[in-house]
Amino acid sequence: MKQFKRTTVTSALPYANGPVHIGHLAGVYVPADIYVRYLRLKGEDVLFIGGSDEHGVPITIKAKKEGVTPQDIVDRYHNIIKKSFEEFGISFDVYSRTTSPVHHQFASDFFRKLYDKGEFVEKTSEQYYDEEAGQFLADRYITGECPHCHAEGAYGDQCEKCGTSLSPLELINPKSTITGSKPVLRETKHWYLPLDKHEKWLSQWILEEHKEWKTNVYGQCKSWLDMGLQPRAVSRDLDWGIPVPVEGAEGKVLYVWFDAPIGYISNTKELLPDSWEKWWKDPETRLVHFIGKDNIVFHCIVFPAMLKAEGSYILPDNVPANEFLNLEGDKISTSRNWAVWLHEYLEDFPGKQDVLRYVLTANAPETKDNDFTWKDFQARNNNELVAVYGNFVNRALVLTQKYFDGKVPACGELTDYDKETLREFTDVKADVERYLDVFRFRDAQKEAMTLARIGNKYLADTEPWKIAKTDMERVATILHLSLQIVANLAIAFEPFLPFSSEKLRKMLNMPSFSWNDLGKINLLSSGHQLGTPTLLFEKIDDSAVEAQVQKLLDTKKANEIKAYKPAAIKENVTFDDFCKMDIRVATVLECTKVPKADKLLQFKLDDGMGGRTILSGIAQSYPNPEELVGMQVLYVANFPTRRLKGIDSEGMILSAEDADGRLVLVQPSRPVTNGVNVG
RNA sequence: GGCGCGAUAGCUCAGCUGGUUAGAGCGCAUGAUUCAUAAUCAUGAGGUCCCCAGUUCAAUCCUGGGUCGCGCUACCA
């Protein structure tokens, strides 16, 4: 394996439209922090880069909704995020933001360099334009009816009700969110990064030279490379972001996904204005990106292509991507407020940073999605941190206090059993390292915990409280060794549980730690005065976790109520307009799922005129379509025929969307003749 | 639908290039113990390794097909 002189560690930039939650922590920040603390403790040269990602359309929309500026939004969340990271002990060397002047200049220069080198291609395409506002509309500035679930308020890129990704051109009755007017298509020019031109070296670099990447990462990259890469737009028509530094590009900004990863570099520059380059350009620097699985393609393909196109940068050596963490069985969601927010956790559980760090690491979604439950949180705290780790420390310190006035007793002759115990625990260092080096934090932490298990067993087997009645010299040796194990625990857990290690370090009255001391049995010398023992961890009782569960249940209920919020009334239409709509009644003759389409049902209707076929995207709400046969439905009869999946669809069947996103077909309250008009 | 990743004990997960009784932690049962936050220590119960077929002397592991979960992507009047 290649030897490096230093390591640059980045963690995905959290998007500043909301606070940070446990999913972010488990997936990215806790593992990155453990890794960085480990390297630092080993005395390696390492830089840990973080920052808020503050551009992009969702922020402008949130700002508009709240009647404030985008800057207000990002200021609010950047401050919450930054403060909560600090309090939680995520040990960034720098935590800046993409609205910083340094970043703006840097990203702008970066783009310009690629532009001047001819690394982009320019393309003109048709996009929606708001004539009243005089601007192009980014995907999320267009809303309309979702063509699938017919929910109002679907965005141009995604319907939040049914979760489908969309293109703005697919929306029914598109509307500008700025003025409410109907947008028109207009030509606009954008810059694209021709990923296809980078395909060859990317394949070689990832598929041949980085077979050691995690399977999820490698597999995802291979899939993209095998499909063939397409040019990717790197600019947008928007006024919130970094202006495209090219003549004639007024009103255009860098696409947020282009500017965000550059933030890793500009934040480094902000911290180290004179020496940042060695962290990004020296081939002896190892670059590691910690991300979640949704970011794989960006960090493994697009960003490296940007760096390569620029020409002077190193490429990531590894991109450890985690899977997702669920919460009490449901996907974590910022918009649905289904999350444990870090800043709230810190308020609800003051001084318990390490408990959350421990639980998130013990249950980290390293190989597949995992579930966080408060019950598990409580159990791991009470049964592992308190019972195993905290208890062992407490036993050793209390016994020392009791028999030796808190002074480390002298070590006498070692028995075979002592030696055996020592051998076991000196292995722990190598095991922890072996796991940390390949980003297996869950196993690494478990391995550290075996130190405490060894200690507990040692005390149970040697029974110093019994021997104290006859042989104090032997007790001295037993406690001497036990205290060495305690000191080792403090070091081994520093990357994982920094607050507890610090607390323990003070209890032991140790000046400092080094990773290289791990495994040694002379960390505390005889006669050394220990500090006052206090409890390292406290039990968490039922009421505390029940309160958290209740909080989530309340959220769920609130979400349901909120989901019922009816959409705003559309602008008025005339009676004549309405009469143009030809809505009729028909009876379902046949209803089947369309093959090779997840969401389409094919209806054969008796419309009183010889029958017609209509496709409707409601399959997910009706898993047993045959049950619909015989039912009467309403449909729009005068839409032009549309061909979908090779089938002509002659109209649109009407359905209502329930608060939970399920689609419900609308039917007459009493049977009526097929083909009659609705009006 | 296409592609990727996953599916192993009640729960959360290990399991190297296929090879005797498939492992760990928690939970559970029984026993021991009391220095310790009723914590600890020992022992034990508990598994059609998602399903089907194939390759092989031998499959949890390889191949093909399927089911379920998640991500990316498409379709969704």
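It should be emphasised that the depicted structure is a prediction, and the values quoted were computed from it without experimental measurement. Letters go in sequence order (proteins before strands), and every chain restarts at 1.
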Of the listed nucleotides (A14(B), C35(B), C70(B)), which one gets closest to any side-chain atom of T367(A)? A14(B)
Atom P, compared across C52(B) and U43(B): separation rounded to whole Å: 36 Å
Can you give the dot-bracket line for RNA chain B, where a pair is Watson-Crick or G-U wobble with both atom distances under 3.5 Å, crossing pairs use [ ], and | marks a partner on another strand? (((((((..((((.....[...)))).(((((.......))))).....(((((..]....))))))))))))....
Got a sec? Which of residues 436-450 of chain A come in under 4.0 Å of RNA chain B, heavy atoms? R440(A), R442(A), K446(A)
Flag the pair E323(A) and K293(A) as a salt bridge only when some basic side-chain nitrogen lies within less than 4.0 angstrom of an acidic carboxylate oxygen. yes
In whole Å, measure the gap between the C1' atoms of C26(B) and U40(B) for me. 16 Å
What is the distance, rounded to the nearest whole Å, between atom NZ of K368(A) and atom P of C50(B)? 11 Å
P spacing across the pair C5(B) / C57(B), given as an integer number of angstrom: 30 Å
Counting the atoms with a prime plus P, OP1 and OP2 as sugar-phosphate, which does K214(A) contact under 4.0 Å by heavy atoms, base, sugar-phosphate, or nothing? nothing
Measure CG/L399(A) against C1'/A36(B) and give the value in whole Å, please. 8 Å
If the condition is side-chain hydrogen bond (donor to acceptor under 3.5 Å, both in side chains), which residues does D371(A) pass it with, not counting sequence neighbours? none
Report all side-chain donor-acceptor pairs from residues 396-410 of chain A shorter than 3.5 Å, counting only partners two or more places apart or in another chain.
unit_1, atom_1, unit_2, atom_2, d
T400(A), OG1, A396(A), O, 2.7
K407(A), NZ, Q529(A), OE1, 3.4

Nucleotides 37-44 of chain B: protein proximity per nucleotide (B base, S sugar-phosphate only, - neither; heavy atom, under 4.0 Å): B-SSSS--
Rounded to whole angstrom, note down the P distance from C61(B) over to U55(B). 15 Å
Taking the six-membered ring for Trp, is the centroid-to-centroid distance between Y15(A) and W257(A) below 6.0 Å? no
Which side chain to side chain donor-acceptor pair (under 3.5 Å) pairs, counting each pair once, include a residue from residues 475-489 of chain A, with sequence neighbours left out? H480(A)-Q484(A)
U37(B) versus C41(B) - spacing of their P atoms, nearest Å: 16 Å
Separation of atom NZ in K293(A) from atom P in G6(B), rounded to whole Å: 11 Å
Separation of atom CD in E463(A) from atom P in U33(B), rounded to whole Å: 9 Å
Can you check the F603(A) CZ to C76(B) C1' distance for me, whole Å? 13 Å
Checking all strands, does K402(A) fall into the base, sugar-phosphate, or nothing category for heavy-atom contacts under 4.0 angstrom? sugar-phosphate
So, R380(A) versus N363(A): side-chain donor-acceptor pair below 3.5 Å or not? no
Residues that K375(A) engages under side chain to side chain contact (heavy atoms under 4.5 Å, CB included), provided they are two or more places apart: T373(A)
In chain order, what residues pass the side chain to side chain contact (heavy atoms under 4.5 Å, CB included) check against V438(A), with sequence neighbours excluded? R440(A)
Is the distance from OP1 or OP2 of G71(B) to the nearest side-chain N or O of K331(A) less than 4.0 Å? yes
Contacts of K429(A) that satisfy salt bridge (charged side-chain N to carboxylate O under 4.0 Å, His left out) - sequence neighbours left out: E433(A)
Provide the distance between the two P atoms, one in G66(B) and one in G2(B), to the nearest whole Å. 8 Å
Using side chain to side chain contact (heavy atoms under 4.5 Å, CB included) as the criterion, list what pairs up with A379(A), not counting sequence neighbours. N383(A)
Round to a whole Å and report the spacing from CD of E323(A) to P of C72(B). 11 Å
Assert: residue with more 5' nearest nucleotide on RNA chain B, out of V297(A) and G651(A), is V297(A)
Over all strands shown, is E366(A) touching base, sugar-phosphate only, or nothing at heavy-atom distances under 4.0 angstrom? nothing
Would you call Y358(A) and E384(A) a side-chain contact if the rule is heavy atoms closer than 4.5 Å? yes
Can you name the side chain to side chain contact (heavy atoms under 4.5 Å, CB included) partners of T367(A), sequence neighbours left out? R442(A)
Throw together a table of side-chain donor-acceptor distances under 3.5 angstrom for residues 217-233 of chain A, partners on residues two or more places apart or in other chains.
unit_1, atom_1, unit_2, atom_2, d
Y218(A), OH, L207(A), O, 2.8
K222(A), NZ, D226(A), OD2, 2.8

Interatomic distance at C1', G10(B) relative to C3(B), whole Å: 35 Å
Determine whether the aromatic ring centres of residues F537(A) and Y389(A) are separated by less than 6.0 angstrom. yes
Has S223(A) got a side-chain N or O lying under 4.0 Å from the OP1 or OP2 atom of G2(B)? no
So L459(A), base contact, sugar-phosphate only, or nothing? Heavy-atom distance under 4.0 Å. nothing
At under 4.0 Å between heavy atoms, what does G292(A) touch on the DNA or RNA strands: base, sugar-phosphate, or nothing? nothing
Could you state the atom-to-atom distance from CD of E384(A) to C1' of G25(B) in whole Å? 6 Å
Whole-Å P distance, U12(B) and G27(B): 15 Å
What is the separation between atom CG on L479(A) and atom C1' on A36(B), rounded to the nearest whole Å? 13 Å
